[in-house]
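Hydrogens, waters and symmetry mates are skipped; everything else that's a heavy atom, side chains included, is used. Throughout, protein chains are lettered first and strands after them, A, B, ... in sequence-line order, and every chain is numbered starting at 1.
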Amino acid sequence: MDPINFVILASILFAIGAAAVLLRRNAIIAFMGVELMLNAANLALVAFSRMHGEIDGQIMAFFVLTVAAAEVVVGLGIIIAVFRARQTISLDEPAELKG
Amino acid sequence: MFPILTVMVALPALGAVLLWALPGGARARAREVALAVTAIELVLAVVLFAQFDMSAAGSFQFSETYAWIPQIGTSWALGVNGIGLLMIVLSALLTPLAILAGWWEDKDDSRRTHYLALILLSEAFMIGIFAARDVFLFYVLFEAMLIPLYFLIGSFGGAQRRYAAVKFLLYSLAGGLIMLVGVVALYFQGPGGDQAFLTDNLTGLDMSTTAERLIFLAFFLAFAIKAPMVPVHTWLPTVAENARPGTTALLVAVLDKIGTFGMLTLCVALFPEAAHWAAPVIILFAVISVIYGALLAIGQKDMLRLVAFTSVSHFGIMVLGIFAFTQTSVEGAAFYMFNHGLSTGALFFVVGFLIHRYGTADVTQYGGLQRVVPVLAGTFLVIGLSALALPGLSPFVSEIMVLVGAFSAAKVAVIVSAVGVVLAALYVLLTYQKVFTGPAPTGKRAKVRELTRRERIVLWPLIALMLLLGFLPGIAIDAVREPAHDIVATVSSQEAGA
Amino acid sequence: MLDLTWLLIAVPLASAAFLLLAGKRADRWGHWVGVGASSAAFVVGLVALIQMLGLDSEDRAHAVHLFTWIPGGELNLDAGLLVDPLSMTFVMLVTFVGTLIHVYSVAYMEHDASRRRFFAYLNLFVAAMLLLVLADSYLLLFVGWEGVGLASYLLIGFWNHKPEYATAANKAFVVNRIGDIGLILAMGLMFTYFGALDFGSVFAAVPQASTAQLTAIGLMLLVAACGKSAQFPLQSWLGDAMAGPTPVSALIHAATMVTAGVYLIVRSAPIFEGAPAAQTTVAAIGAFTLILGALIGMAKDDIKKALAASTMSQIGYMMLAAGLGPVGYAFAIFHLVTHGFFKAGMFLGAGSVMHGMNDQVDMRRFGALRTAMVTTWVTFGLGWLAILGVPPFSGFWSKDKIIEAAFIGDDVQPWILGGAALIGAGLTAFYMSRLFFMTFHGKARWTDEQHPHESPALMTVPMIILAVGSAFLGLILATGDRFVTWLEPVTGHAEHGEPVLPAAVIMVATLLLVALGAWIAWRKYGAADVPETAPAASLATIAARNDMFQDSVNRGVFERPGTHLTRTLVYADAALVDGAVDATAHAFARTGEVTRKTQNGQVRSYALTMVVGLVIVILVVVQGGL
Amino acid sequence: MVNTVMFWIIAALTVIPALSLLFARKAVHVAMSVVLVMVGLAAAYVTLSAPFLGMVQIVVYTGAVMMLFLFVLMLVGVDQREDLKETIKGQRWIGLLAAAGLGAFLVSIIGRVTLPTADTMPSGDPEAVAIALFDRYVLVIEVLGFVLITAAVGALVLTHTPRLRPRKTQLEVQRDRVRVGADPVNKPMPGVYARHNALDVPALDPEGKPIEHSVSRVLEIRHQTQEGAEFRAALEDPSRKEGDR
Amino acid sequence: MSFTTPEIAWAPLTPLLIVLGASAVAILVESFVRSPETRRRTQLVLSLVALVGAAGAAVVQWATLDGAGTVVLDGMLTVDRQSLAWQVLILVFGTLGTLLFASRTRAGEEAFTPLGASAPGSSDETLARRKGLQVTEVFPLALVAVGGMMLFTSVTDLIFLFVALEVFSLPLYVLVALARRRRFLSHEGALKYFLLGAFSSAILLFGAAFLYGATGSTSYAGVAAGISSSTGTDALILAGAVMVVVGLLFKIGAVPFHSWTPDAYQGAPTPVTAFMGAATKAAATAALLRVMYAALYGLNWELSWLFWVVAIASMLLGTVVALVQTELKRMLAYSSIAHAGFILVAFAGLPDTALSALPFYLASYGLATMGAFAVITQVRERSDEGTVLGEATRLGQWAGLGKRSPWLAGAMALFLLSFAGIPLTAGFVGKFVAFSAAISSGAWPLVLVAVIASAAAAFFYVRLIVLMFLTDVPEGQEDAIEIDYSPLARTVVAVTAVLVLLLGIVPGPVLSAFENAGVLLLGAGG
């Protein structure tokens with residue numbers, strides 16, 4: 001089977017991740033959607049790496065992994081800060097900035 | 001050679017800085033300082049006029065060129081031809097008069113200092129614009145001038161002055177920004193290089209017809225807003241109504257001339273083909289301005305608005321003269337630019353004096369003043385008659401030159417515009433009638449002061465000048481003849497080509 | 001001396017400027033400066049005239065170069081004077097009658113606080129009028145043309161504390177300006193076709209011009225002439241102009257300024273020669289106005305307005321004559337001169353009556369004044385006889401020639417023009433006699449407040465001099481066709497065509513009609529009692545009293561629609577033009593208000609806009625790129 | 001080429017749990033599903049000849065990242081439920097449509113592309129990865145250090161509370177307790193009358209008065225406490241037996 | 001397998017190394033210096049020395065640049081005059097930003113919360129404030145952000161681009177959350193900025209993956225080569241390119257990827273807003289320039305309409321919504337969206353001149369932005385008791401500022417005029433060169449839209465000027481506003497004002513410097 005199918009799979013996962021951001025009000029779930037998008041990108045990278053017969057894609061995925069981890073830390077930090085202030089992590093709740 | 005033009009631009013600007021730098025105590029003398037600066041400027045203008053070689057009025061004289069931003073091809077390039085010369089003299093003449101006319105304004109020293117500094121700054125920009133020989137420099141000054149004017153209108157004046165200031169700024173800015181597109185586009189049509197924006201390098205360019213026409217329109221729109229032509233005129237009445245008469249006098253008498261000046265020296269000179277192409281439509285709008293402005297002037301109660309609308313009408317005549325492209329009409333228009341400055345400047349000043357006395361610009365509040373202040377009445381009448389272009393006063397010569405000269409090129413336009421002659425009589429005489437005739441006022445209103453000496457010093461030189469130029473217009477026409485000839489030649493070569 | 005004719009203009013002008021600027025300190029003696037200036041002008045004129053008479057007739061046209069006026073390159077115009085018999089005639093008329101009226105005014109305006117200003121304006125007028133007639137180009141003529149308009153405006157509105165007087169002044173100026181359009185456009189045409197505005201170049205170029213071009217110019221000149229000379233349809237201002245002090249009416253609105261239109265036509269003779277249609281129009285307008293003016297004059301009870309209507313009618317005669325071509329030019333000017341004398345005399349007489357009657361102008365309040373004011377009665381009577389055209393008084397010599405000339409021509413034209421002139425003579429006799437009888441004869445109808453008395457010598461002497469002129473000037477000038485010959489260098493020698501009726505028949509008919517008119521007037525106003533208030537009248541009389549509804553027409557056709565137009569435009573300017581800008585600004589703000597709602601504060605909406613944007617972008621780029 | 005069966009297993013293993021991101025109510029469920037997805041992705045990496053990356057994926061994602069998520073979920077309260085009802089008009093449908101559209105586009109684009117697969121398999125073993133990392137990508141690695149430092153500092157700044165109040169010695173703690181009138185030693189145990197279930201009976205102080213707060217507050221709220229009075233009475237009056245009650 | 005140590009040209013990286021190295025040192029300072037006050041001073045000095053030093057190093061690099069520039073590590077990084085120009089720009093913004101970060105009110109309050117972890121209004125917060133705690137970590141975080149941005153302007157590899165993006169984004173997310181006052185808003189802004197930022201970087205990454213898939217390379221040169229030789233992968237390339245560009249447009253703040261801007265700008269502590277507004281936009285523009293010219297130039301035609309549409313949408317939306325704003329920071333945020341549109345105008349058609357025009361534009365815009373926000377930090381509300389509160393950002397509160405503090409108001413007016421593009425300010429020259437670039441590639445209709453938007457935009461800039469100078473202080477509100485005085489913030493205001501004027505009047509030297517920078521080192525690396 002052609003590894004390109006993994007790219008298709010990655011695209012679907014990417015769309016699901018994006019949908020999570022568009023639809024979910026729970027900050028953590030939305031954030032997990034973003035994580036899924038990053039992982040989908042990783043899958044695509046690895047699949048392309050396989051198709052090109054080179055390792056670069058994998059290396060990139062490796063970096064993304066690291067960056068994503070760091071991002072998770074910061075993101076969760078912010079979410080916790082928001083939770084401490086408001087006792088909720090619903091994204092509907094803080095909507096004073098608008099207009 | 002002595003860089004007289006640069007000095008003339010720098011002097012008022014430095015004067016403004018000096019005023020702002022005055023310590024609190026010395027600000028009581030701000031008027032004297034400002035007057036001195038403008039008086040020196042006037043002397044310089046007279047020197048300039050005297051030194052000007054009339055036999056070569058068509059070419060730029062006193063030219064100075066210094067590199068400014070070579071990266072974008074612009075230089076500090078000044079120089080005047082006959083038309084610019086007249087405009088500079090006009091600016092230098094009216095600024096001190098405006099300061100004198102507003103002598104009594106502002107009880108507060110610091111406020112007055114600000115006002116005067118802004119006036120001086122405006123003068124610097126005006127002279128810079130009339131002397132600019134570089135399109136970019138012209139544009140920069142053209143736009144930067146909005147700032148002092150904006151504050152002049154918005155800080156000093158009537159109840160709705162803020163609205164007026166914003167309206168003025170937005171109108172001007174809208175026009176100016178569109179002109180900016182034209183300026184940039186022109187750059188790419190030009191030769192490029194360190195002096196890409198020098199008008200010399202931009203005349204006679206070989207552009208595509210479309211490009212030329214579009215750039216022309218961009219320039220023209222800006223100038224049409226500045227020299228208020230219907231339908232982009234509405235800022236002027238609002239400003240006139242709310243700004244100080246002195247400010248408005250400078251604005252209408254000098255600054256708005258930048259519009260017609262730009263049409264003459266940039267629009268037509270740089271884009272003869274497009275000017276020729278657009279002339280019929282522009283003449284149409286000019287004629288509409290003549291009649292529309294006059295009719296609206298008749299319908300005004302507020303004298304300042306009235307004068308503003310008369311200017312709309314007069315600017316229509318100037319534009320008609322320019323775009324009729326005959327030697328006589330262009331000369332007439334250029335000469336009219338100067339005369340209209342004298343006439344409208346005086347008109348705004350004298351209306352300002354009336355308002356100072358009565359505290360209102362509403363013409364219906366007046367009446368019978370001739371019995372009380374005959375000198376003021378007479379002065380007003382003479383100035384009013386200059387606005388209706390009575391023979392003997394210089395506006396007549398220029399107006400008749402436009403009408404007679406333009407006849408061959410635009411018969412219908414002249415015929416319709418001639419109706420403006422009658423309407424002018426109506427708006428001037430009706431105003432005079434409402435203000436000065438009728439039963440003499442009684443009570444407090446009867447105790448109106450006669451024209452003071454200072455006010456006479458403001459008005460009478462203007463009248464004298466109009467009389468002088470009415471009988472000896474050659475003094476000024478000598479300056480505009482060759483430029484007009486060059487312009488007509490440029491355009492008619494297009495005609496021949498087409 | 002001919003080269004010094006510029007003094008004619010300069011002296012009164014300088015005097016006017018001096019009087020205006022001198023201020024109150026000149027109040028006591030300023031008027032004498034005015035009189036002096038006018039007299040000086042007369043002297044200068046007289047010397048020039050004598051000098052000119054010494055020249056051969058073909059050398060009498062003398063050009064005086066003053067200074068370079070407009071060095072426009074294309075429009076090059078020098079200010080210069082053209083001193084020839086025509087202008088000299090006017091110079092003499094203006095300075096002579098003008099000086100007399102100056103003298104008269106010294107007494108007439110004695111009690112007016114602003115007498116100095118009045119004299120300044122009079123001097124200004126004299127200067128402008130002389131400039132008008134002496135100018136050697138249409139443009140310089142226009143300067144004088146507008147100058148007399150200004151002086152007329154200032155003098156009509158001299159008592160402008162009365163609002164209706166101020167309005168009358170405005171009306172005069174504005175209507176004149178309508179005429180000025182004609183002159184401006186005529187100049188535009190001349191400049192377009194001939195490239196020049198001075199008489200010499202224009203007339204030199206006339207032979208090469210087409211008839212259509214000349215007709216256009218001629219008609220435009222006619223418009224100008226109609227405005228200045230109160231010819232139909234621009235006559236409405238003249239009646240109101242009587243608001244000015246009576247000397248003004250005498251000088252400006254009878255003797256001199258209003259005849260400037262005739263001067264213009266005659267001066268432009270070469271143009272009209274090439275444009276028969278325009279010429280005929282001039283004659284037709286003249287004929288129409290002479291009847292119209294006579295009809296109006298028949299109904300007026302205001303002595304000055306009746307005289308004004310008469311002026312209109314008499315100028316109609318002049319126009320008619322001027323419209324007849326070379327045949328009529330000289331007679332037009334001839335009548336102009338005689339009219340200047342007798343009409344000025346009558347106006348001064350009217351002024352004298354008013355002076356003695358507490359400024360009463362209603363003739364129904366006069367009557368039997370001949371006893372109270374003998375000098376006035378006599379001088380006025382001479383003027384009356386002159387205008388009636390009773391031989392051998394001045395009017396006879398000029399008017400009769402015009403009537404005769406009107407009968408010259410082909411087709412129906414002589415019958416119409418001649419008929420009108422003939423009938424006009426009868427009507428004139430009626431209304432002038434009516435005026436004369438109502439004022440000086442019949443029963444006294446004045447009230448106790450009025451004590452009619454003769455005017456002082458300063459007033460009566462000018463009246464007497466004018467009366468003498470009214471009586472004999474015509475005879476003197478007509479003898480041996482002296483006047484016609486004098487003008488020939490300007491008007492050209494006319495081939496004397498034969499009238500359609502024998503000259504004697506015409507003369508007899510005229511005199512008969514005049515006698516009839518006078519007799520009817522005597523029956524109604526001399527012998528019978530005149531009611532003190534105007535009786536109810538027929539429609540025609542009402543129309544005549546109201547100047548044939550000219551004002552109503554003007555009001556209905558121009559003024560009221562104009563006012564509405566102005567008001568509408570003021571509104572439209574605020575609502576539409578300015579409103580469009582405001583609406584644009586408002587639309588921007590509205591759009592902003594709506595758009596800001598999309599910034600709803602919800603992250604997932606923000607992300608949604610991004611995704612939607614992304615999807616659209618991908619869609620278009622990828623589809624478009626493939 | 002890769003194993004087709006493996007692909008479908010992985011596809012099922014990733015897509016189905018991933019859908020919980022959209023439809024599961026409890027965040028914990030979502031997190032656990034995402035763990036599954038991560039495992040599935042690890043499998044995919046292995047299949048795509050990136051075994052080292054697969055291992056790292058499991059270690060980092062399932063082992064660290066997702067656990068961090070769970071940890072935070074615990075912190076903010078596991079039972080924070082989300083109402084799936086949408087509050088913004090149209091958001092759900094447009095959102096679904098947009099996301100679906102995005103997916104569809106991406107898929108269709110890939111479907112349109114012809115991309116050959118190289119015959120050579122990339123070597124994804126640790127050594128090859130290490131060499132690549134420290135050769136061309138060494139700068140990236142170094143910069144990544146800053147990402148990690150930032151993350152650490154950021155998390156600290158946002159969540160770490162330093163000791164704001166001085167640490168109290170035992171003596172101070174004791175003094176404070178006495179000062180506010182708390183029990184000097186321990187809270188007394190209930191149930192002085194050790195009968196059947198003495199927890200509902202308050203203890204007695206040395207003066208014999210009942211110490212009310214010795215009984216658990218829960219019982220108090222449930223109104224299951226005993227006064228103790230009757231037991232005392234029973235003690236003082238032996239005739240009364242428990243059975244009498 | 002064998003491993004050979006790669007050759008790295010360290011010298012061109014000196015500025016970067018200085019900044020990042022300083023940030024590492026600064027973290028150590030955090031750990032070892034206990035007193036907050038000492039720590040703050042140390043951090044400030046360290047940051048300033050590092051930033052100025054780095055700028056100096058960059059200038060030296062510029063002067064000693066060998067040929068067109070240096071490609072580091074097989075196309076991962078390229079240091080040429082273009083990147084050095086941007087680096088200097090970012091370092092300037094970083095320096096000014098650091099000064100603002102360190103500025104304090106008269107009462108000695110920083111812009112940042114004393115304790116990020118405390119809940120707003122909690123006793124912890126009060127206690128932390130009373131104890132004089134300070135989050136001095138903002139300095140190292142800012143340094144990392146500056147480093148990341150510098151990197152962002154120089155990277156020539158998609159994966160490095162992604163990493164650099166995260167390097168500067170992560171500290172910003174944190175910084176946004178650290179406001180001292182209105183902390184709810186600050187948190188909210190940070191959360192939104194973070195989620196959307198992560199979302200957009202995922203998009204960028206996915207695009208990068210596609211490009212890698214289609215071209216087999218991640219270096220710009222490789223991608224460019226792949227694009228020119230692509231067969232059957234056009235769709236993939238285009239989709240990838242679009243997604244990468246969208247990721248960058250997000251950072252520039254262009255419509256429809258702009259939504260985070262107003263909320264983050266308003267929520268963030270004002271010094272952070274200033275730094276972010278100026279530097280992020282510059283860095284993202286630089287990166288977009290490089291991506292477009294070095295990697296995606298072959299797609300010029302396909303992508304040009306994207307720039308057209310996004311530019312027009314940004315200019316119009318930014319303008320019309322700014323028109324109706326009553327909150328100052330938010331208004332400036334929308335204005336920044338409009339400016340994003342103006343920036344993109346220069347991208348239309350990818351003319352060469354854009355490479356020198358945009359640095360100037362961003363310099364003028366950034367300086368005015370820094371200055372404007374610095375002024376905002378100086379205008380504060382005052383409670384009835386006279387205590388100074390947070391910044392007064394409602395428009396109405398600025399009424400009569402010209403009377404209270406003419407110099408401050410004058411400077412603000414200058415910045416606003418520069419935003420509006422009035423001549424004799426830097427903004428005008430910026431607009432001029434940017435529009436020139438666009439017109440040179442024939443995009444004059446776009447420029448026409450731009451000037452119409454500028455004219456409309458002038459309205460809201462002018463409205464503030466009207467308020468400051470032409471409106472009186474409202475009755476009874478005389479004491480509601482306190483003009484704060486912080487020497488550091490005032491320094492920033494003064495410096496930016498002078499620069500804005502200088503760049504407006506004598507822009508020549510800077511223009512020619514950027515002209516030199518208008519050449520990209522292309523075609524190297526694999």
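- Nearest heavy atom pair, residue A:A41 against residue E:F206, reads CA-CD1, 3.5 Å.
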Are E:V174 and A:V74 close enough, and set up right, to give a side chain to side chain contact (heavy atoms under 4.5 Å, CB included), and what steps lead you there?
CA-CA 7 Å; E:V174 177; A:V74 171; 3.8 Å; yes
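- Inter-residue side-chain proximity for E:S169 and A:E71 is flagged as unmet; no heavy-atom pair is nearer than 4.5 Å.
- Using cut-offs of 30° and 60° on the angle between ring planes, the pair A:F48 and E:Y212 is perpendicular.
- When heavy atoms are compared at a cutoff of 4.5 Å, A:A47 does not approach chain E at all.
- Interface summary for chain E: among A:L38, A:I80, A:V7, the most heavy-atom pairs under 4.5 angstrom belong to A:L38.
- The backbone N or O of E:G213 lies less than 3.5 Å from a partner atom in the side chain of A:H52, making a donor-acceptor pair.
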What's the verdict on side chain to side chain contact (heavy atoms under 4.5 Å, CB included) for E:L205 and A:V67, showing C-alpha distance, side-chain angles and the deciding distance?
CA-CA 11 Å; E:L205 181 66; A:V67 167; over 6 Å; no
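- Distance alone, capped at 3.5 Å, places no donor-acceptor pair between the E:K192 side chain and the A:L91 backbone.
- In this structure the side chain of A:V73 never reaches within 4.5 angstrom of the side chain of E:L170, judged on heavy atoms.
- Within the 3.5 Å criterion, the main-chain N or O of A:E96 finds a donor-acceptor partner in the side chain of E:E188.
- With chain A as partner, the option from E:A214, E:A198, E:S122 having the largest number of non-hydrogen pairs under 4.5 angstrom is E:A198.
- Residues A:M60 and E:T218 come closest through the heavy atom pair CE-CG2, 2.8 Å.
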Report the C-alpha distance between A:M37 and E:I203 in whole Å, list the side-chain angles of each, state the deciding distance to 0.1 Å, and finish with yes or no for side chain to side chain contact (heavy atoms under 4.5 Å, CB included).
CA-CA 8 Å; A:M37 289 165 80; E:I203 293 174; 4.3 Å; yes
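- Within the 4.5 Å cutoff, the side chain of E:I159 has no heavy atoms near those of the A:D56 side chain.
- Between E:H187 and A:A85 the shortest heavy-atom distance is ND1-CB, 3.8 Å.
- Judged by distance alone, with hydrogens and angles left aside, the side-chain atoms of A:R84 form a donor-acceptor pair with the main-chain N or O of E:A117 at under 3.5 Å.
- Only the side chain of E:L236 comes within contact range of chain A, with at least one heavy atom under 4.5 Å from a heavy atom of that chain.
- When ring centroids are compared, E:F162 and A:F63 stay outside the 6.0 Å threshold.
- Residues E:Y193 and A:I78 fail the side-chain proximity criterion, which asks for heavy atoms closer than 4.5 Å.
- In this structure the side chain of A:R86 reaches within 4.5 angstrom of the side chain of E:F184, judged on heavy atoms.
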